[in-house]
Amino acid sequence: MQSPSKQLRSQQRAESNRRIQAVEIRQALNKIAHADPQKSDYFVGPGDRDHDLILFGENYGDNWLAVISLPELADSIHELPDAKMVAA
């Protein structure tokens, strides 16, 4: 049986006839920053294996949906080289 996040992704693909595409870290962070908080949600799968942000937003009149796996995002960020941040 598929997890609800995978079912949502499958349904989205079927309805829009678009392929699900992987995004770069910068794009994922932009989706998080620009998502509509009233429409977005968080999903934890059975056994705490899946932790997904289900984000909805709008870009110049076009609605978008992004499902971002928090463990995959954390792993991707962890692989980045350390860099010093400039404090504002």
Side-chain angles (χ1 to χ4, degrees):
M1 179 175 224
Q2 287 184 337
S3 69
S5 64
K6 288 183 182 177
Q7 289 174 345
L8 179 63
R9 286 183 231 164
S10 296
Q11 181 181 3
Q12 159 64 5
R13 187 176 341 148
E15 289 176 359
S16 69
N17 291 327
R18 296 180 190 167
R19 291 187 353 222
I20 295 175
Q21 299 176 348
V23 296
E24 301 291 329
I25 293 172
R26 183 175 188 270
Q27 293 170 307
L29 295 174
N30 277 336
K31 294 290 186 192
I32 293 168
H34 296 288
D36 182 340
Q38 301 298 318
K39 296 177 182 175
S40 299
D41 206 352
Y42 180 76
F43 171 77
V44 177
D48 291 338
R49 287 179 291 172
D50 296 321
H51 295 267
D52 296 333
L53 292 177
I54 303 170
L55 307 172
F56 293 89
E58 183 180 330
N59 184 27
Y60 298 107
D62 291 329
N63 293 321
W64 55 262
L65 161 70
V67 179
I68 298 175
S69 166
L70 291 179
E72 288 181 26
L73 179 62
D75 288 345
S76 296
I77 291 171
H78 181 72
E79 291 177 12
L80 294 173
D82 287 338
K84 295 190 183 214
M85 301 294 291
V86 177

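For reference, positions follow the sequence shown, starting with 1.
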So CD1 of I32 and CG of L55: to nearest 0.5 Å the spacing works out to 6.5 Å
Would you say that more than 12 heavy atoms from the other residues, nucleotides or ligands in this model lie under 6.0 Å from the CD of E72, or not? no
Is it possible for you to say whether V44 and L73 belong to one hydrophobic cluster, with membership spreading through side-chain heavy-atom contacts below 4.5 Å? yes
Joint cluster assignment, L53 & L29, ILVMFWY side-chain distance < 4.5 Å: yes
What's the shortest heavy-atom distance between [X] and [Y], and which atoms?
{"X": "I25", "Y": "L80", "answer": "CD1-CD1, 4.0 Å"}
{"X": "Y42", "Y": "H51", "answer": "OH-ND1, 2.9 Å"}
{"X": "I54", "Y": "F43", "answer": "CD1-CB, 3.9 Å"}
{"X": "A28", "Y": "I68", "answer": "O-CD1, 3.5 Å"}

Got a sec, which pairs hit side-chain hydrogen bond (donor to acceptor under 3.5 Å, both in side chains) with one end in residues 23-41, sequence neighbours left out? none
